[in-house]
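Take a look at the structure below.
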Amino acid sequence: MSRDTAWEQRWRGALAERQAQGLYRRPRLLERRDGVHARLEGRDCLVFCSNDYLGLADHPVISAALAQAASEVGTGSGAAHLISGHHREHEALEAELADWLGRPRALLFSTGYMANMGVINALAEPGDTVYEDVLNHASLLDGGWLSRGRMQRYAHGDVAALDAALAQTSGRALIATDAVFSMDGDLAPLPALAELAARREALLVVDDAHGFGVLGNGPGSVAHFGLTPDQVPVYIGTLGKALGTFGAFVAGSETLIDYLIQRARTYIYTTAPPPALAAATRAALGLARQDTWRREHLVDLVARFRDGARRLGLPLMASDTPIQPLWVGDAARAMALGAALLEAGYWVTPIRPPTVPPGTARLRITLTAAHTPAQVEGLLGALARCLDAPAGAPG
Ligand SMILES: *Cc1c(COP(=O)(O)O)cnc(C)c1O
């Protein structure tokens, strides 16, 4: 028994409030996973809520690379990159990432969260302003808030409002944006942002967590829009989504990377990721580059899902990426729909505030190259049945 302190009472109160608002969350226990098939708390289901866009998270070639490397170099890096933890596997992965992106250099971070925090923190100095899209990922927002620069958010995708704000700005400005918005699936207006950044001499920082490996035939959103590295000087990608492993990187000029090595605290003051993980990611990168069929199949599934959803009158949101949320609005109804879908054998996590703004709960459906057309048709049928049922009624 733990002692009932004033702290415990505060936490209990906050938990009860969350519960009353239908916003209480807990991790669901995944007992087994094989591709898109999972066993979730005793129930077999199809997963439609992972970010494993290319279906690489349990690829045997990548698992074998991890096991082989672990047998050679062990599990831990033993230290931070700048102490004694920087292994040749890290160095090789950084070089291969830079090569695919057509940029001079890349720098590994332990997670995307740490990359975003570290980069914004390192680049924004006192007197600078950090401009961020209101729907940016929490890690970009936290980076801005924790930086010594002034943080200012602009309305979602509103380049005109941003232009007006920049016109009033003294000192230097950074513009940081998700390339693919993680809970909506829509794309940032990168060409317009790049034009604006160039005109106003602002630095454009793009977080392509959901585009890297997927869009632009692989290299991501910057390639998708036909922009050059100079137009998007700071490019951040993650390795735990399309690449199916774990970690993140920043890619850019020699000077940028050299500067980040000196200044990014989430790079400097943390243990380097396991070198075997870097070896696994090199194998994943090879597959992601080579297997163009994965992206082609994924594009087909997205089109199939949207066609079907339109036919059924489902509340689609404006997205052409594998993130295909269905609008619900009310958090409690989103929870009921999630439960009904699971009952039908489809795992789709409802997304509620504070992850999304109040009153905008949704079912965040994600498609991956590991899904089949028949599975997508099955999901559509289940969605139609569940969404037709009155709110709160069992599916
Ligand atoms: C997932 C995500 C991150 C964080 O990446 P991790 O490697 O999971 O920490 C950063 N930005 C966006 C937009 C994301 O969706």
Side-chain angles (χ1 to χ4, degrees), residues 27 49-54 56-57 90 93-94 97 106-123 130 132-147 153 156-157 174-190 193 204-216 220-222 224 232 234-251 264-267 270-274 277-278 280-281 284-285 288 317 319 321-325 349 351 354-357 362 364-368:
C49 51
S50 83
N51 300 315
D52 180 22
Y53 300 118
L54 298 181
L56 294 177
H90 298 129
L93 174 56
E94 287 176 343
L97 287 165
L107 186 69
L108 290 175
F109 282 75
S110 296
T111 69
Y113 209 115
M114 291 169 72
N116 282 341
M117 295 249 301
V119 167
I120 304 289
N121 246 309
L123 300 181
V130 181
E132 298 214 20
D133 191 294
V134 285
L135 294 188
N136 273 356
H137 190 263
S139 54
L140 272 183
L141 295 171
D142 285 357
W145 278 315
L146 286 177
S147 80
R153 295 196 285 173
H156 181 50
L174 283 80
I175 303 168
T177 184
D178 285 20
V180 178
F181 288 88
S182 51
M183 297 300 134
D184 297 71
D186 60 329
L187 293 170
L190 289 189
L193 288 172
L204 184 55
V205 178
V206 166
D207 169 6
D208 204 17
H210 299 275
F212 177 66
V214 177
L215 300 179
S221 303
V222 174
H224 168 84
V232 182
V234 186
Y235 180 87
I236 301 163
T238 60
L239 306 170
K241 289 170 179 154
L243 260 64
T245 60
F246 189 79
F249 65 89
V250 180
R265 296 166 66 83
T266 57
Y267 172 82
T270 197
T271 301
L277 184 63
T281 304
L285 188 62
M317 291 171 63
S319 163
T321 67
I323 301 169
Q324 287 294 324
T349 303
I351 303 289
T355 303
V356 292
R362 65 204 66 178
R364 180 179 180 271
I365 293 156
T366 49
L367 303 171
T368 77

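The first residue in the sequence is number 1, and the count goes up from there. All ligand and atom numbering here is 1-based and tracks the order in the structure.
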#### Entry: Stepwise side-chain hydrogen bond (donor to acceptor under 3.5 Å, both in side chains) test for T368 and D52
CA-CA 6 Å; T368 77; D52 180 22; 5.8 Å; no
### Query
What residues form a side chain to side chain donor-acceptor pair (under 3.5 Å) with S139, not counting sequence neighbours?
N116, H137
Considering only non-hydrogen protein atoms, determine which one is nearest to [atom] and report residue, atom name and distance to 0.1 Å.
atom: atom 11 (N) of ligand 1; answer: D207 OD2, 2.5 Å
atom: atom 8 (O) of ligand 1; answer: K241 NZ, 4.3 Å
atom: atom 9 (O) of ligand 1; answer: Y113 N, 2.9 Å

With atoms numbered from 1 as shown, which atoms in ligand 1 lie under 4.0 angstrom from a non-hydrogen atom of [X]?
X: A209; result: 2 (C), 11 (N), 12 (C), 13 (C), 14 (C), 15 (O)
X: S182; result: 15 (O)
X: G112; result: 4 (C), 5 (O), 6 (P), 7 (O), 9 (O)
X: D178; result: 13 (C)
X: N116; result: 10 (C), 11 (N)

### Query
For the residue pair Y235 and F249, does the interplanar ring angle fall in the parallel (under 30°), tilted (30 to 60°) or perpendicular (over 60°) class?
tilted
### Task
Determine, using heavy atoms of S139 and all atoms of ligand 1, whether some pair is separated by less than 4.0 Å.
yes
### For T271, all residues meeting side-chain contact (heavy atoms from CB on, under 4.5 Å), sequence neighbours excluded
S77
### Query
Going by distance alone, is a donor N or O of one side chain under 3.5 Å from an acceptor N or O of the other, for D142 and Y113?
yes
### Query
Within the structure, does T238 bring an N/O atom to less than 3.5 angstrom of an N/O atom in ligand 1?
no
### Query
Using a heavy-atom cut-off of under 4.0 Å, does the side chain or the backbone of H210 touch ligand 1, or both, or neither?
side chain
